[in-house]
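To find a chain, count down the sequence lines: A is the first, B the second, and so on, and within it residues start at 1.
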Amino acid sequence: MSKGMKVLPRSFYERDTSEVARALLGKILVHRGHGGITNGKIVETEAYYGEGDPASRASRGKTKMNEIMWGPGGRAFVYVVHGNCLFNVTAEREGVPGAVLVRALEPLEGIELMQKRRGTKLEKELTSGPGKLTKAMAITRAHHGLDLTNSHSELVIVEGEPQDFVIGSSHRIGVSADLERKLRFYMDGNPFVSR
DNA sequence: CATATGATGGACT
DNA sequence: GTCCATCATATGG
C-alpha cells in the first residue's frame, strides 16, 4: 500500500446508509493478511436499513448474527449465504441499524493471489460478485466485528484516487422483498460490476 | 432433531 | 435462460 492512503474515519460511516453506500464507490478495500496484500476499488454496493426494510437482515429485530448492525459505523459485518461469505460495512450511529453490502470490486493489487484463491485466471471473474470478492480477498467470518477505521486492522477501507464517474442505481439483487426502492449503487460502465 | 431458506456461484441446455 | 451444491441460521416439533 502506498503511503498517504488515508483510512476512512468513523464519521464517514455514521450517516444515512444510502449516502454511505454511494460514497463507498471508488474507495479501496485493502486486506493485509499472511498470504500477502490484496486490494480493489469498490464499484458496486447495496444499502440495507432496519425495521421498515423488509429485505434487510435487521427487519425482524436483533439476533446474534445481525446485532452488529445496531453498533457504531465502520465495522465489518460478515455472514454466510448459500455457502458464501458476504462482506458488509456497518453504517449509521450506534443504536440505529444499517449496513452496506459490498457487491463488487475492481482488482488493483495482489491479482496473482486472487487468481490462486479463486481458481481462475480470468480477471473479470475474480471480484465481480459479493461471494467472489470475499474469496479473492480471503475475507471470512473471522473478520466479523473488525473495526475498519483502525489503520492497524487486517482489513481497512482507504481513500481512492480522485476519479470522475456516474453512479447508476437499481433495485437490490437477489432479494424477493422490496424491489421498489433503488438501493443498489454502481459505477456506471465499470466492467467489474456484477451482471 | 428436522427442515426450510437465502443479500450466491458455477455448471449446464 | 435453467438447475443445484452449499452451509449457517431460523424456526418448528
Side-chain angles (χ1 to χ4, degrees), chain A residues 13 16-25 27 29 38 40 42-71 73-92 96-107 114-146 148 155 157 167-187 190-195:
Chain A
Y13 300 100
D16 174 76
T17 306
S18 290
E19 282 183 43
V20 176
R22 296 165 66 95
L24 278 172
L25 296 175
K27 304 297 190 275
L29 178 62
T38 48
I42 297 172
V43 299
E44 180 181 350
T45 58
E46 282 176 358
Y48 288 88
Y49 290 93
E51 291 170 29
D53 182 354
S56 174
R57 285 282 181 276
S59 65
R60 286 193 291 273
K62 284 186 194 176
T63 66
K64 175 104 181 170
M65 160 275 192
N66 70 13
E67 65 185 353
I68 196 168
M69 289 182 72
W70 278 261
R75 290 189 181 167
F77 170 30
V78 182
Y79 77 101
V80 179
V81 175
H82 286 100
N84 304 287
C85 285
L86 269 58
F87 172 72
N88 304 247
V89 193
T90 59
E92 310 276 357
V96 180
V100 175
L101 170 68
V102 177
R103 285 193 57 89
L105 304 174
E106 176 179 331
M114 293 186 192
Q115 288 170 330
K116 190 176 171 186
R117 287 170 177 159
R118 289 275 295 119
T120 178
K121 292 272 184 198
L122 299 173
E123 234 177 278
K124 270 205 198 74
E125 286 302 314
L126 296 179
T127 54
S128 56
K132 298 178 188 177
L133 72 89
T134 54
K135 198 164 182 188
M137 301 277 293
I139 298 171
T140 69
R141 286 181 307 151
H143 297 102
H144 182 72
L146 195 66
L148 302 170
L155 204 55
I157 302 178
I167 299 180
S169 67
S170 78
H171 67 83
R172 292 169 290 184
I173 304 292
V175 303
S176 50
D178 194 355
L179 296 174
E180 304 298 310
R181 284 186 289 177
K182 294 185 171 181
L183 294 177
R184 169 176 175 252
F185 305 100
Y186 54 92
M187 271 195 195
N190 187 289
F192 297 93
V193 172
S194 70
R195 4 208 106 181

Re dT3(B): Watson-Crick or G-U wobble partner, both distances kept under 3.5 Å, found to be dA10(C)
In this structure, OG1 of Thr45(A) is separated from CG of Leu25(A) (nearest 0.5 Å) by 4.5 Å
From CD of Glu46(A) across to P of dG6(B) the rounded distance in Å is 15 Å
Heavy-atom nearest nucleotide on DNA chain B taken for Glu125(A) and for Val175(A); more 5' hit belongs to Val175(A)
In whole angstroms, the gap separating P of dA8(C) from NE2 of His144(A) amounts to 15 Å
When rounded to whole Å, the CG to P distance for the pair Asn84(A) and dC7(C) reads 10 Å
Quiz prompt | Modelled atom types, side-chain donor and acceptor of Ser18(A) and Tyr49(A), under 3.5 Å | solution = yes
For Leu126(A) and Thr120(A) the tightest heavy-atom approach is CD2-O, 3.7 Å
In whole angstroms, the gap separating C1' of dG6(B) from OH of Tyr79(A) amounts to 8 Å
Inset, instruction - Determine the contact category for Lys64(A): base if any of its heavy atoms lies under 4.0 Å from a base atom, sugar-phosphate if only primed atoms, P, OP1 or OP2 are that close, otherwise nothing. - result: nothing
Atom CG of Asn66(A) and atom P of dG6(B) are separated, to the nearest Å, by 16 Å
- Within 45° of the ring axis of Tyr186(A) and under 6.0 Å from its six-membered ring centre, is that where the NZ or CZ of Arg103(A) lies? no
**Item:** Phosphate OP1/OP2 of dA10(C) contacted by Thr63(A) side-chain N/O (<4.0 Å)
**Value:** yes
Rounded to whole Å, NE2 of His82(A) lies from P of dA11(B) at a distance of 17 Å
(message) Looking at Arg118(A), I'd like to know whether one of its side-chain N or O atoms comes within less than 4.0 Å of OP1 or OP2 on dG10(B).
(response) yes
To the nearest angstrom, the CZ-C1' distance between Phe87(A) and dT8(B) comes to 17 Å
Looking only at dG6(B), dG9(B), dA8(C), the nucleotide nearest the Arg141(A) side chain is dA8(C)
For dT9(C), does either OP1 or OP2 sit under 4.0 Å from a side-chain N or O belonging to Arg60(A)? no
Here the distance between atom P of dT8(B) and atom CD1 of Ile173(A), to the nearest Å, is 8 Å
All heavy atoms of Ser56(A) vs all of Gly50(A), minimum pair found to be CB-O, 4.3 Å
